[in-house]
Amino acid sequence: MKKPVITGIGAYVPKGILTNKDLEKIVDTSDEWITTRTGIQERRIAAENETASDLALEAAKIALKRAGVRARNLDYIIFATATPDMLFPSAACILQHKLGAKHAACFDIAAGCSGFIYALSIAEKFIVSGDANNILVVGAEVLSRIVDWSDRSTCVLFGDGAGAVVISAMDGDRGIISTMLRSDGSYGDLLKLPGGGSLYPASHETVDNKLHYIKMQGNEVFKKAVKAMEDIAAEILEKNGFQGKDVDLLVPHQANLRIISAVQKRVNIPENRTYINIHKYGNTSAASIPIALYEASERGFLRERDLVLCVAFGAGFTWGAGLIRW
Ligand code: UT7
């Protein structure tokens with residue numbers, strides 16, 4: 001049976017930088033509050049003409065080049081995002097056209113900040129079943145477009161960016177070992193963007209009521225995120241016969257440094273084996289794990305055959321984990 005192996009990885013972040021000091025001029029906040037409560041120091045903001053598929057295109061080009069795979073040899077494009085260019089066509093189809101990936105079947109995944117893990121898990125199954133040889137999995141977000149810049153409880157948290165991996169069917173024992181996905185829709189109200197769907201279609205009223213922006217009850221989300229990420233990290237390790245000491249690199253979703261620390265402690269993985277870049281990018285939702293994986297690989301933190309543990313949590317609620325023999 002062929003293994004789903006990450007053969008190429010890429011990332012792209014927009015050039016614009018918004019620091020905590022810049023935010024002090026926009027809302028009633030402080031660099032000190034943001035840094036101590038979240039770990040974030042700055043985040044990237046897309047240019048006015050940049051969309052999620054534009055950021056994804058740059059990340060995908062790097063990933064394809066590294067994998068040595070041509071766009072026309074892709075069987076699927078799976079695009080995880082909460083900020084697609086538009087409701088339809090899917091961001092995946094828009095990206096397909098930009099890449100010239102004529103033979104790929106394309107669709108988006110709506111799983112909030114867990115989107116990349118969800119997409120990875122679907123790609124894993126397509127490869128293992130023999131249905132696909134090469135899949136492009138993307139996580140890309142332009143969250144700056146759905147943030148209420150007058151709401152200090154959310155606008156300081158999010159940033160824009162994209163990451164992409166090519167997953168190919170390979171012989172050998174490297175690749176995705178296991179993925180686990182979980183959801184609990186009963187918590188949907190705690191983190192949502194209510195406007196623009198069939199419940200509240202765009203109208204003057206929805207705009208006046210700011211329904212097209214992220215609404216989050218941060219503290220409640222925080223508690224659930226910590227527990228869910230800790231539990232699933234422990235569960236995936238146990239299920240596959242590993243312990244924290246076996247993990248070479250923990251690559252968690254970057255939503256809050258305090259959440260990351262809690263996960264590290266629960267599964268016994270020290271800071272020097274955890275990849276953290278939240279200070280530079282904030283929470284980039286579905287893009288955060290692939291951006292972190294790319295940086296870790298570029299900076300020499302990932303060697304062939306390393307055991308990598310990825311864990312995410314997001315709107316839905318959704319959460320999930322992936323174990324990869326790099
Ligand atoms: O990505 C997937 C899902 N998202 C997450 O996982 C995010 C989870 N949540 C969090 O990371 C944290 O809950 C936040 C960083 C969002 C907030 O931290 P917190 O420690 O939970 O703060 P809080 O919401 O309980 O607010 C504490 C205080 C409040 O003031 P009072 O009521 O104590 O006077 C807030 O009004 O901090 C205030 N506050 C701020 N102060 C300065 C909230 N936002 C700000 C701000 N600057 N930006």
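Atoms within a ligand are numbered from 1 in the order they appear, just like the ligands themselves. The shown structure was predicted, so the numbers you read here are calculated from the model rather than taken from an experiment.
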Relative to atom 6 (O) of ligand 1, which among Thr284, Asp151, Ile259 owns the nearest non-hydrogen atom?
->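 Shortest heavy-atom distance from atom 6 (O) of ligand 1: Ile259.
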Between [X] and ligand 1, does any nitrogen or oxygen pair lie at a separation below 3.5 Å?
X      : value
Ser30  : no
Arg37  : yes
Gly218 : yes

For ligand 1, which atoms, with element, lie under 4.0 Å from some heavy atom of [X]?
X      : answer
Leu191 : 3 (C)
Leu157 : 15 (C), 16 (C)
Ala255 : 1 (O), 5 (C), 6 (O)
Thr38  : 15 (C)
Cys113 : 1 (O), 2 (C)

Assess the side chains of [X] and [Y]: does a donor N or O sit below 3.5 Å from an acceptor N or O?
X      : Y      : answer
Glu141 : Thr284 : no
His253 : Ser114 : no
Ser183 : Tyr118 : yes

May I ask you to identify the nearest protein heavy atom to [atom], giving residue, atom name and distance to one decimal place in Å?
atom                    : answer
atom 47 (N) of ligand 1 : Thr29 OG1, 2.7 Å
atom 18 (O) of ligand 1 : Arg258 NH2, 3.5 Å
atom 44 (N) of ligand 1 : Trp33 CH2, 3.3 Å
atom 1 (O) of ligand 1  : Asn283 ND2, 2.7 Å
atom 7 (C) of ligand 1  : Met216 CE, 3.9 Å
atom 30 (O) of ligand 1 : Arg152 NH2, 4.3 Å
atom 11 (O) of ligand 1 : Asn256 ND2, 2.7 Å
atom 21 (O) of ligand 1 : Asn219 ND2, 2.9 Å

Should [X] and [Y] count as an ion pair when the cut-off is N to O under 4.0 Å?
X      : Y      : value
Asp54  : Lys98  : yes
Asp171 : Lys2   : yes
Glu50  : Lys15  : no
Arg305 : Asp173 : yes

Given the protein's heavy atoms, is any one of them under 4.0 Å from atom 33 (O) of ligand 1?
->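 Within 4.0 Å: no protein heavy atom nearby.
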Considering all heavy atoms of both residues, which atom of Gly139 and which atom of Ala287 are nearest to each other, and what is their separation?
->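 Where Gly139 meets Ala287 most closely, the heavy atoms are O-CB, 3.3 Å.
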Grab the two heavy atoms, one from Gly244 and one from Arg273, that are nearest each other, plus how far apart they are.
->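 Minimum heavy-atom separation between Gly244 and Arg273: O-NH1, 3.4 Å.
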For Val156 and ligand 1, answer yes if some heavy atom of the residue is under 4.0 Å from a ligand atom, otherwise no.
->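 Judged by the 4.0 Å heavy-atom criterion, Val156 does count as contacting ligand 1.
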Between Val27 and ligand 1, find which residue part has any heavy-atom pair under 4.0 Å and reply side chain, backbone, both or neither.
->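 For Val27, no heavy atom sits under 4.0 Å from ligand 1.
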Are Leu309 and Val226 connected, step by step, through hydrophobic side chains (Ile, Leu, Val, Met, Phe, Trp, Tyr) whose heavy atoms are closer than 4.5 Å?
->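 Both belong to a single hydrophobic cluster.
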Could you pull out all donor-acceptor pairs under 3.5 Å where a side-chain atom in residues 99-111 meets a protein atom, sequence neighbours excluded?
from: Asp108; atom 1: OD1; to: Ala91; atom 2: N; distance (Å): 3.2
from: Asp108; atom 1: OD1; to: Ala92; atom 2: N; distance (Å): 2.9
from: Asp108; atom 1: OD2; to: Ala91; atom 2: N; distance (Å): 2.8

Quick one: which of Glu238, Glu235, Glu230 gives a salt bridge (charged side-chain N to carboxylate O under 4.0 Å, His left out) with Arg266?
->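 Single salt bridge (charged side-chain N to carboxylate O under 4.0 Å, His left out) partner of Arg266 among Glu238, Glu235, Glu230: Glu230.
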